Amino acid sequence: MNSSKIESLAPWIFVIALFVIWELVCKLFGVSTITLPAPSDIWAAILRYWAPLLRNSFVTLWTTLAGFALAVAFGLFLGLVVGWSRTIYRGLYPVMIGFNSIPKVAVVPILVLWFGIGEIPAILTAFLISFFPIVVNVATGLATIEPELEDVLRALGASKLDVMRKVGIPRAMPYFFGSLKVAITLAFVGTVVSETIAANAGIGFLMAQAGSNFQMPLVFAGLIALAVEGILMYAATAWLEQRMTGWAFRAQGSAAA
Amino acid sequence: MISLKDVSLAYAGRTGPVLALEGTTISVGRGEFAAVVGPSGCGKSTLMKLVTGLVKPTTGVVAVDGAPVTGPVKMAGMAFQNANLLPWRTVTDNILLPLEIVEPYRGKFRSHRAEYVAKVEDLLATVGLKGFGDRFPWELSGGMQQRASLCRSLIHEPALLMLDEPFAALDAFTREELWCVLRDVWQRLKFTVVLVTHDLREAVFLADTVHVMSARPGRIIETRDVSFTRPRDLEVCYDKAFTDIVHDLRNQIAQVRKG
Ligand SMILES: Nc1ncnc2c1ncn2[C@@H]1O[C@H](COP(=O)(O)OP(=O)(O)OP(=O)(O)O)[C@@H](O)[C@H]1O
Ligand SMILES: [Mg+2]
């Protein structure tokens with residue numbers, strides 16, 4: 001087996017090793033299932049409860065994606081506005097920093113009061129927590145156009161809109177797609193936090209329920225479901241980033257060479 | 001074509017206004033090749049921005065083509081020390097960029113694209129980049145990028161070409177080669193050129209008139225006609241008359257640098 005093959009297998013080897021050690025520790029020291037269930041217990045719970053796990057995973061998935069979609073639309077729009085002019089940038093930036101520093105967990109009860117228990121607070125929490133990095137990245141991409149390039153275009157009679165369309169927006173795209181990875185992770189956190197506090201569906205809700213019934217293997221099964229979902233969503237956005245802005249990676253690669 | 005009368009310009013610096021130019025008067029005729037030399041920081045780039053209408057003079061009048069400049073001149077081709085090509089566009093698409101902005105090309109860009117691409121290919125051939133149109137900028141060397149940047153500044157056949165140290169980052173051979181490219185294109189199309197440079201040989205070889213600026217706040221302290229016959233050959237750089245002018249200019253700048 002050559003070394004690149006080993007390298008591609010390495011993550012799997014580590015994951016398997018982790019579970020094996022976990023299992024051994026639980027069995028050797030007789031750790032109670034209520035404290036820390038062994039992987040075999042978790043696996044049994046997954047097999048037993050696969051239907052509710054799947055159903056609730058799906059709820060978590062779509063609420064996350066809905067919140068994320070809102071964050072993308074709004075973040076892109078606000079990023080373009082903020083990056084458009086220095087005045088707007090200066091004016092809005094402190095407001096946004098202030099907003100972003102509020103822990104979003106604190107907002108969930110308010111959302112529940114407004115919209116009741118259910119998916120809407122989860123979607124909104126996901127949205128509120130994840131739009132900020134998109135705004136900042138898009139605005140940064142626009143604001144850092146090389147001044148000389150802007151001079152070239154303006155001397156040709158380009159309007160601000162022309163400069164944005166021809167240079168600013170394409171230039172901001174790598175920043176935008178890069179921020180999606182961060183945003184989707186945050187949106188996921190937002191959804192699960194909200195589900196844990198106030199919901200009647202979703203993995204967060206399922207875990208909270210299972211926890212109050214002391215069904216620890218099911219709680220951990222929920223955790224595994226979250227990990228799988230999180231990894232899949234991250235991988236999807238990372239793939240999208242590669243696809244959409246390959247030029248930025250290649251340009252950097254050649255600059256470094 | 002270009003006239004500045006008693007122009008001064010102050011930037012709003014962070015610690016108070018910075019006077020970049022003061023009492024600058026210069027005029028460049030239509031189809032003339034003018035070079036501007038001077039110590040670093042004397043306001044040469046500022047002068048370029050004034051002529052193209054990117055900044056407004058604090059006092060004085062800037063006129064291009066007989067009309068006072070009140071905003072961007074909407075037609076000048078510009079090139080800088082950095083090629084500033086867009087990395088997501090191919091070389092051809094980079095060079096087409098001005099045609100997507102300047103009228104009358106802009107209005108018929110879609111329908112005439114094939115014709116414009118052919119134009120780009122002609123231009124690429126003249127600067128020695130034949131066959132590189134489909135490459136991306138990062139696949140090109142610095143010198144090749146600079147050639148592409150020169151093409152971009154020329155594609156819309158501007159009446160006015162503004163060059164701010166375009167050859168400063170190149171090796172000596174590439175630089176001389178591009179001097180000849182610029183010389184030939186200019187000889188053919190006879191647009192007005194303002195070339196800012198630190199290379200006095202470059203200025204004397206290419207230009208009809210060399211303007212010398214003082215240290216900041218910049219002012220034109222001398223205008224020197226260079227009357228070698230055209231078309232000039234690189235050999236002229238080794239004439240005694242040529243080296244004498246270069247020497248003279250050098251001394252002048254050394255003096256204004258001392259203050
Ligand atoms: N945006 C700005 N704000 C404040 N001061 C500026 C600004 N741009 C230029 N200056 C100042 O104006 C002066 C002239 O600048 P300019 O860029 O025109 O010089 P230059 O002759 O092109 O220099 P170089 O030969 O190094 O390119 C400099 O002293 C600089 O510090
Ligand atoms: Mg300069």
Side-chain angles (χ1 to χ4, degrees), chain A residues 76 80 83-87 89-90 137-138 140-180 240-257, chain B residues 45-46 48-55 64 69 71-90 93-94 96-106 109 135-142 145 149-150 152-153 155-156 158 160-166 194:
Chain A
L76 200 51
L80 292 175
W84 187 276
S85 99
R86 279 208 79 75
T87 322
Y89 185 85
R90 290 238 177 88
N137 273 274
V138 172
T140 306
L142 292 184
T144 51
I145 298 177
E146 295 79 359
E148 289 184 346
L149 185 55
E150 205 173 337
D151 284 353
V152 168
L153 295 179
R154 283 178 53 219
L156 292 168
S159 63
K160 184 85 185 171
L161 185 62
D162 288 330
V163 175
M164 285 295 160
R165 274 180 44 223
K166 302 290 179 195
V167 184
I169 294 173
R171 196 174 182 293
M173 284 302 109
Y175 293 84
F176 168 66
F177 283 105
S179 72
L180 294 189
L240 193 67
E241 181 187 10
Q242 275 284 349
R243 273 300 298 272
M244 302 306 289
T245 57
W247 62 263
F249 290 103
R250 274 170 292 166
Q252 269 162 25
S254 74
Chain B
S45 300
T46 305
M48 305 294 264
K49 286 188 190 179
L50 280 166
V51 172
T52 46
L54 298 176
V55 297
V64 168
V69 173
V73 289
K74 301 199 173 184
M75 52 82 176
M78 285 184 109
F80 294 89
Q81 180 172 344
N82 292 324
N84 280 317
L85 300 172
L86 305 176
W88 57 89
R89 286 178 172 232
T90 60
D93 286 336
N94 262 290
L96 285 173
L97 184 62
L99 302 185
E100 294 170 29
I101 290 169
V102 182
E103 293 293 359
Y105 306 99
R106 181 190 186 125
F109 185 80
R135 303 287 186 93
F136 283 92
W138 72 80
E139 300 175 291
L140 269 52
S141 72
Q145 290 185 22
S149 169
L150 204 57
R152 183 178 63 189
S153 67
I155 187 68
H156 59 296
L160 177 60
L161 182 66
M162 308 293 288
L163 301 171
D164 195 344
E165 303 181 34
V194 179

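These numbers come from a predicted model, not from an experiment. Per chain, numbering begins at 1; letters A, B, ... match sequence-line order. For the numbers below, each heavy atom of this structure counts, side chains included, while hydrogens, waters and symmetry mates do not.
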Side-chain donor or acceptor of B/Arg152 paired with backbone N/O of B/Asn84 under 3.5 Å: yes
Contact class of B/Leu85 relative to chain A, heavy atoms under 4.5 angstrom: neither
Best-contacting candidate, B/Thr52, B/Leu54, B/Val102, against chain A by heavy atom pairs under 4.5 angstrom: B/Leu54
Winner by heavy-atom pair count (cut-off under 4.5 Å) against chain B, out of A/Asp151, A/Leu153, A/Val167: A/Asp151
Any donor-acceptor pair under 3.5 Å from A/Arg171 side chain to A/Thr144 backbone: yes
Among the listed options A/Ala158, A/Pro174, A/Pro170, the residue most often paired with chain B at heavy-atom distances under 4.5 Å: A/Pro170
Test item: A/Leu180 and A/Glu241 side chains (from C-beta on) under 4.5 Å apart, heavy atoms: no
Which atoms of A/Glu148 approach chain B - backbone, side chain, both or neither, heavy atom under 4.5 Å: both
Check ion pair B/Glu100-B/Arg89 (N to O, under 4.0 angstrom): yes
Top of B/Lys49, B/Met48, B/Lys74 for chain A proximity - count of heavy-atom pairs under 4.5 angstrom: B/Lys74
Check: A/Asn137/A/Thr140 side-chain N/O donor and acceptor closer than 3.5 Å: no
